[in-house]
Every structure is written in C-alpha cells, then in structure tokens.
Amino acid sequence: MAGVTGLAVLAATLAVATLVGVVVRRRDGVPREVKDGGVERLTADDLGAELGERATLVQFSTAFCQPCRATRRILAEVAELVPGVAHVEIDAESRLELVRSLNILRTPTVLVLGPSGRVVKRASGQPRKADVIAALGQAVEG
C-alpha cells in the first residue's frame, strides 16, 4: 500500500512540475504591461545612452548569459528595421543600482520605452522578434 501511495505522490509531483514548466516557458520572453508603481521613466542619463526618437529597447545582460546574445541580435535587427528606435544594452553587473531600482531579477530582461522614456512593456527571458515589434507598436503609439 505504501508503494502505491508513493507512486501516486510521484505522479502528482511530476504532473505539477510539468504544468509549471509549460506555463513558465509560454511566458518567457513575452513583453507584458508594466504595472503602476516603481520606476516609470528612464532618461538618457539613467541609461548612459540617448533615447530613440520613437522608442528605445533597453536590454539588461550579463557576460555569461547565452540567451542575452540571441536577444542582442534580435533587438539590434528590430532597431535597424524600425526607424527612430534605439537599442541600448546595459551590463547588469556593473549597474546594480539601476538593476535594483527596476527590480531586474534575471537576464536578459528587456524594457520597451516610449519616446519620452516611459516604460511601456517589460519581458524577462529571450523575446521573439514578432513580440518585440508588437510591443514597439504600443510604445510608439502611446
């Protein structure tokens, strides 16, 4: 009887772990609305680079982050594709005060800023190119 109970617990644990994995994977890299509170605007001084005329893609990276390299390529391609969009990459390890103020918990994290520097969207993990372009649409309009 104890063996059957153990197998049932194991099966339930595996099912929950699989469900959590699927949910996390589906949300990974998807730009989400930024909730009120926290930092609302970033300036060129905050970033150490000029804001884009229409929007800015801000990427927080670390040296040994493999998804950061792919994210860098995606964001650079989008910035080249869309006029007036800048891509700024920030080394999270060297800018800990900014990382803390923005509650950056992992790399890559991408912030989509409107023309005034207002944070419009935020994504943790490697985003898809189509998702970045869609997020830019809202940043440019808003």
### Message
Under the disulfide bond (SG atoms under 2.5 Å apart) definition, can you give me all pairs with a residue in residues 64-129, not counting sequence neighbours?
### Response
Cys65-Cys68
### Query
Given side chains that start at C-beta, do those of Leu136 and Val78 come closer than 4.5 Å, heavy atoms only?
yes
### Point-to-point distance, once rounded to the nearest 0.5 Å, from CD1 of Ile74 to CG of Leu57
11.0 Å
### Task
List for me each residue that meets side chain to side chain contact (heavy atoms under 4.5 Å, CB included) alongside Leu51, sequence neighbours excluded, and say none if there are none.
Leu47, Thr56, Leu113
#### Entry: For the student: nearest non-hydrogen atoms of Arg122 and Asn103, plus distance
NH2-O, 2.7 Å
Quiz: residues 79-87 side-chain donor-acceptor pairs under 3.5 angstrom, not counting sequence neighbours:
unit_1, atom_1, unit_2, atom_2, d
His87, NE2, Gln59, OE1, 3.1

### Query
Excluding sequence neighbours, so at least two apart, what forms side chain to side chain contact (heavy atoms under 4.5 Å, CB included) with Glu77?
Lys129
### Summary
Residues Thr107 and Ala92: closest non-hydrogen pair is CG2-CB, 4.1 Å
### Query
Does the side chain to side chain contact (heavy atoms under 4.5 Å, CB included) test come out yes or no for Leu42 and Leu102, once each step is laid out?
CA-CA 10 Å; Leu42 294 173; Leu102 294 169; 4.2 Å; yes
### Task
Could you tell me which non-hydrogen atom of Pro108 sits nearest to which non-hydrogen atom of Thr71, and how far apart they are?
CG-OG1, 3.4 Å
### Message
With salt bridge (charged side-chain N to carboxylate O under 4.0 Å, His left out) as the rule and sequence neighbours excluded, what pairs involving residues 50-75 come up?
### Response
Arg72-Glu89
### Message
Going by salt bridge (Lys or Arg N to Asp or Glu O under 4.0 Å), name the residues that satisfy it together with Glu97, two or more places apart in sequence or in a different chain.
### Response
Arg95
### Message
Which heavy atom of Lys121 sits nearest to which heavy atom of Ala135, and what is that distance?
### Response
CG-CB, 3.9 Å
### Message
Run Asp46 and Arg41 through side chain to side chain contact (heavy atoms under 4.5 Å, CB included) and show every step you take.
### Response
CA-CA 9 Å; Asp46 294 329; Arg41 290 191 193 281; over 6 Å; no
### Message
Once rounded to the nearest 0.5 Å, what's the spacing between atom OG of Ser61 and atom CD1 of Ile90?
### Response
9.0 Å
## Note on the structure
Residues Pro127 and Val110: closest non-hydrogen pair is CG-CG2, 4.2 Å
